Amino acid sequence: MRKAYKILYREGTGELIEKKSRFIASFRSVKTEEEAQSFIEEMRKKYWDASHNCYAWVLGENGEGKRCSDDGEPSQTAGKPMLDVLEGEGIVNICVVVTRYFGGTLLGTGGLVRAYSGAVKEGLKACTVLTLVPAKKLLIDTDYNGSGKIQYLLSRQNIAILNSDYTDRVIFTALVPDEEMLKLQADITEATGGKAKLEVSGFVYYSMLEKEVLLFPEL
């Protein structure tokens with residue numbers, strides 16, 4: 001069964017200062033370990049003079065692929081707290097690198113954990129994260145008498161209409177979340193007396209951004 005998941009849609013950066021140490025969080029949307037590693041190397045070159053470039057990534061629709069690194073910081077004080085933030089937010093196919101410029105004052109274990117996780121949280125505020133909902137494209141073939149009833153049903157259930165084709169009949173292409181498909185089909189059948197023809201024409205994920213419908217292929 002498909003389920004909703006979150007992705008990084010627009011990248012951003014965040015910065016946090018802790019006792020004169022500077023922590024910079026950089027993000028990238030990635031789909032493979034190779035892409036994640038390439039981004040990490042890119043950040044290492046960009047911030048070549050930094051004290052540390054720690055990282056964490058989560059891959060796969062269910063977040064099954066994950067890795068993190070403290071890059072010389074005390075064990076479990078950088079990469080793991082960063083990974084915990086990503087997993088806590090439920091974001092997948094994402095890599096974050098937190099770059100530290102040492103400010104001359106030791107932060108201690110607790111201070112490092114707070115700084116690295118805090119930098120990731122701060123950086124995510126500058127990013128656009130979308131929740132992708134599994135849905136089906138449903139073709140609804142109806143006569144003109146049934147079209148108004150169907151439009152009412154779709155509007156009432158907040159179902160997006162991707163396309164409307166008016167000829168001798170009316171064909172709507174609706175974007176229906178997986179969990180709402182059975183109920184909608186039953187409602188349309190009842191409203192039109194079984195006269196509407198229903199056909200699933202595709203499987204996608206979608207999200208809404210500023211009232212715009214964005215479609216995504218399956219992973």
Side-chain angles (χ1 to χ4, degrees), residues 3-133 205 207-210 212 214 216 219:
K3 65 179 184 179
Y5 62 94
K6 295 180 182 179
I7 63 164
L8 176 66
Y9 183 66
R10 289 177 183 159
E11 300 159 358
T13 60
E15 187 170 325
L16 183 148
I17 305 295
E18 185 68 30
K19 294 183 180 178
K20 297 183 179 180
S21 277
R22 183 183 177 201
F23 297 84
I24 306 166
S26 305
F27 297 83
R28 179 70 54 83
S29 175
V30 295
K31 292 185 178 180
T32 65
E33 290 190 17
E34 291 75 18
E35 289 181 0
Q37 197 59 52
S38 176
F39 173 59
I40 294 164
E41 291 303 320
E42 180 184 328
M43 292 299 99
R44 283 174 174 164
K45 290 178 182 178
K46 179 178 181 179
Y47 298 110
W48 60 271
D49 57 341
S51 308
H52 306 276
N53 283 290
C54 306
Y55 67 80
W57 78 59
V58 181
L59 301 175
E61 183 178 332
N62 298 306
E64 58 271 16
K66 62 191 73 173
R67 187 173 298 176
C68 61
S69 169
D70 298 310
D71 192 35
E73 293 281 31
S75 179
Q76 303 291 301
T77 63
K80 183 60 166 57
M82 292 163 58
L83 181 62
D84 287 344
V85 173
L86 297 182
E87 292 191 302
E89 293 292 332
I91 308 171
V92 300
N93 286 356
I94 185 173
C95 180
V96 58
V97 177
V98 174
T99 300
R100 180 190 184 187
Y101 284 93
F102 183 55
T105 302
L106 296 176
L107 301 183
T109 299
L112 287 172
V113 170
R114 287 191 297 272
Y116 278 101
S117 61
V120 175
K121 292 175 183 177
E122 193 66 28
L124 285 174
K125 294 177 183 178
C127 297
T128 299
V129 174
L130 297 180
T131 298
L132 303 194
V133 178
Y205 283 85
S207 188
M208 300 295 296
L209 180 62
E210 299 172 353
E212 179 185 1
L214 301 177
F216 299 84
L219 281 181

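Owing to the predicted nature of the structure, the values given are computational and were not obtained by experimental measurement.
For Glu35, there are no side-chain hydrogen bond (donor to acceptor under 3.5 Å, both in side chains) partners two or more places apart in sequence or in a different chain. Tyr9 is linked by a side-chain hydrogen bond (donor to acceptor under 3.5 Å, both in side chains) to nothing, counting only residues two or more places apart in sequence or in another chain. With sequence neighbours left out, Ser21 forms a side-chain hydrogen bond (donor to acceptor under 3.5 Å, both in side chains) with Arg100. Qualifying side-chain contact (heavy atoms from CB on, under 4.5 Å) partners for Ala4, counting only residues two or more places apart in sequence or in other chains: Thr131, Pro134. For Glu87, the side-chain contact (heavy atoms from CB on, under 4.5 Å) criterion is met by Val58, Lys66, Leu83, Asp84, not counting sequence neighbours. Applying the side-chain hydrogen bond (donor to acceptor under 3.5 Å, both in side chains) rule to Glu89 yields no partners; only residues at least two apart in sequence or on another chain are considered. With sequence neighbours excluded, no residue satisfies ring pair (Phe, Tyr, Trp, His ring centres under 6.0 Å) with Phe27. Under the salt bridge (Lys or Arg N to Asp or Glu O under 4.0 Å) criterion, Arg28 pairs with Glu11, Glu42, not counting sequence neighbours. Residues passing the salt bridge (Lys or Arg N to Asp or Glu O under 4.0 Å) test with Glu18, sequence neighbours excluded: none. For Arg67, the salt bridge (Lys or Arg N to Asp or Glu O under 4.0 Å) partners two or more places apart in sequence, or in a different chain, are Glu33.
With contacts defined as side-chain heavy-atom distances shorter than 4.5 Å, the pair Leu209/Thr128 qualifies.
Identified under the side chain to side chain donor-acceptor pair (under 3.5 Å) test for residues 102-117, with sequence neighbours left out: Glu73-Tyr116. For residues 33-53, no residue pair satisfies the ring pair (Phe, Tyr, Trp, His ring centres under 6.0 Å) rule, not counting sequence neighbours.
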